[in-house]
Amino acid sequence: MSAPDELHPGPLDPITATMSPPSKRLYIKTYGCQMNVYDSERMADVLAPLGYAMTQSPEQADLVVLNTCHIREKATEKVYSELGQIRRMKLDQAALGKTMTIAVAGCVAQAEGAEIMRRQPAVDLVVGPQAYHQLPELIARTHRAKGERLAADFAAEDKFDALPTSRNPGGVTAFLTVQEGCDKFCTFCVVPYTRGAEWSRPPEAILAEARSLAEQGVREVTLLGQNVNAYSAEGGLAALVRSLARIEGLDRIRYMTSHPRDMDEALIQAHGEIPELMPFLHLPVQSGSDRILKAMNRAHTAESYLKLIERVRQARPDIAISGDFIVGFPGERESDFEATLDLIRAVGHASAFSFKYSKRPGTPAAALPGQVDEAVKDERLARLNALLDLQQKDFNAAQVGKVLPVLFERAGRHDGQLAGRSPFLQAVHCDGPLDLIGQIVPVRIDGSAKMSLTGTRIGHEDLVNS
Ligand code: 5AD
Ligand code: SF4
């Protein structure tokens, strides 16, 4: 399975929209992780008062924002090819006497802003993840100084204080960023360089945002952070989850992504004690070989990871485990790779993301000897995925015959069908009326596939995680 890479149009704030009728079209394309999805929504919020309304295609947009991802080379290269296409649209618009502004945001902007400006002269603005609250001003400056191109100052100030907190989530689930940055310095990873040091939002700000979401009908929040379990306010992530669980109407809480190093006892116990905390844990291990884990600077071994999973399962026996894996890290031998397969067999995954190692400029691993052949990486990735797919299918098949509380999120693909999620984050399809959207309903699972479950409602009543 690969990481999401799709368009996530942000909602338009209805209040600000009435104050200032939308007159300009905004197209945002989001690459990479959920933190970028959240940031794109915040960018749409901050631009709405200027009259920008979301549009689904870039051709006639007044402002195009690419919210980029730098984690692997492929993601970065995609940005440059997309920019080439958008440049042609900008030229078409210019021929009609219209102006299209192109902004590049996200981690590529942060890591190689000058390179973007050099490689693609059509770009007007580059803006890193810490400067999104300055977008209105930056765009105004770009427009005033025709032809002048801007790179935003990347000071790590608190962008959250300056971004609007009244959001229109437009659904029953929402992301909520609680932590940013990473101090772990895994040797393969660019995140500590692009997103900066670990930083946690104050709980009061998070609780206020969560309350506002709940008042607007959100029933499930996913707390986001590059190292979300490094959340460092008093009591850590466990205390934050406990406070969030008390919010009226907020019945499901999830979090991602976590580091094994920060999985403390309080958080493990929270999984057994807080019914609102969903039984799903994304806890990347990356490799099952201690030699490779050491070279990755992961600060855990295969054995310590397995012990951790055991403790989590003691607290919450049915918890679904998910992870990230990298194949072909420099120096990875067949025996190291087999150790990864062994670890996967020992854990049993509900889902996982797997990647071929991608050499990132400026990271320590890029300079290591023993870079692995692309063909070997391909072959290992195929074997890894075959095993993970099998585990995912088995995990899904094990739900057949059970009754699961399903939060219905939207209409399904077929008429009269609803789509929702089980506590284990599985997609569930089931017949039912649209007014059940936003409700948690017991569903008997009748069928399973790799990516989803099908089921039958056994009652109409709204459940709360029972
Ligand atoms: N190459 C391949 N995968 C990477 N990841 C991070 N950096 C790299 C890289 N250089 C993966 C890790 C991480 C996930 C978000 O992306 O598995 O957990
Ligand atoms: Fe990257 Fe490692 Fe930090 Fe995760 S923990 S963001 S993989 S450096």
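Keep in mind it's a predicted model, so treat the numbers as computed, not measured. As the structure lists them, so they are numbered: ligands from 1, and atoms in each ligand from 1.
- The single protein non-hydrogen atom nearest to atom 14 (C) of ligand 1 is Asp324 OD2, 3.4 Å, given as residue, atom name and distance.
- A salt bridge does not link Lys402 to Asp318: none of the charged nitrogens lies less than 4.0 Å from a carboxylate oxygen.
- A salt bridge does not link Arg211 with Glu204: none of the charged nitrogens is closer than 4.0 Å to a carboxylate oxygen.
- Not a single donor-acceptor pair under 3.5 Å links the side chain of Arg410 to the backbone N or O of Ala419.
- With hydrogens and angles disregarded, a donor-acceptor distance shorter than 3.5 Å links the side chain of Asn67 to the backbone of Asn36.
- Residue side and main chain included, Cys182 places an N/O/S atom under 2.8 Å of atom 3 (Fe) of ligand 2.
- Under a 3.5 Å cut-off, the side chain of Gln391 and the backbone N or O of Leu387 do not form any donor-acceptor pair.
- The aromatic rings of His271 and Tyr255 lie tilted to each other, with the angle between the two planes from 30° to 60°.
- Between Gln286 and Phe188, the closest side-chain pair of non-hydrogen atoms falls below 4.5 Å.
- Side-chain atoms of Asp183 come within 3.5 Å of backbone N or O of Glu198 as a donor-acceptor pair.
- Interface of Asn227 with ligand 2, defined as ligand atoms under 4.0 Å from a residue heavy atom, comprises 3 (Fe), 5 (S).
- Protein heavy atoms are found less than 4.0 angstrom from atom 1 (Fe) of ligand 2.
- Of the protein's heavy atoms, Ile71 CG1, 3.4 Å lies nearest to atom 6 (C) of ligand 1.
- Residue contacts with ligand 1: Lys356 is included, with a non-hydrogen atom under 4.0 Å away.
- Ion pair Arg311/Glu265 flagged as a salt bridge, since at least one NZ, NE, NH1 or NH2 atom sits closer than 4.0 Å to an Asp/Glu carboxylate oxygen.
- Closest to atom 16 (O) of ligand 1, if we only count protein heavy atoms, is Arg72 NH1, 2.9 Å.
- Those atoms of ligand 1 with a heavy atom of Tyr357 less than 4.0 angstrom away are 1 (N), 2 (C).
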Mind running ring pair (Phe, Tyr, Trp, His ring centres under 6.0 Å) on Phe329 and Phe337 for me, showing each step along the way?
-> CA-CA 10 Å; Phe329 183 83; Phe337 174 66; over 10 Å; no
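- An N or O contact shorter than 3.5 Å links Phe188 to ligand 1 by distance.
- Per-residue contacts place Phe188 under 4.0 angstrom from the following atoms of ligand 2 (heavy atoms of the residue considered): 7 (S).
- When only non-hydrogen protein atoms are considered, atom 8 (S) of ligand 2 lies nearest to Cys186 N, 3.3 Å.
- At least one N/O/S atom of Cys189, whether from backbone or side chain, sits less than 2.8 Å from atom 1 (Fe) of ligand 2.
- Listed by number with element, the atoms of ligand 2 under 4.0 angstrom from any heavy atom of His259 are 5 (S).
- Protein heavy atom at the shortest distance from atom 1 (N) of ligand 1 is Ser358 N, 2.9 Å.
- Residue nearest to atom 12 (C) of ligand 1, selected from His282, Lys74, Gln286: Gln286 (by heavy-atom distance).
- Aromatic ring pairs are classed by plane angle as parallel below 30°, tilted from 30° to 60° and perpendicular above 60°; the pair His300 and Tyr305 is tilted.
- Of all atoms in ligand 1, numbered sequentially from 1 with element shown, those under 4.0 Å from a heavy atom of Ile326 are 3 (N), 4 (C), 5 (N), 12 (C), 17 (O).
- Within ligand 2, the atoms closer than 4.0 Å to a non-hydrogen atom of Pro192 are 8 (S), numbered from 1 in the order shown.
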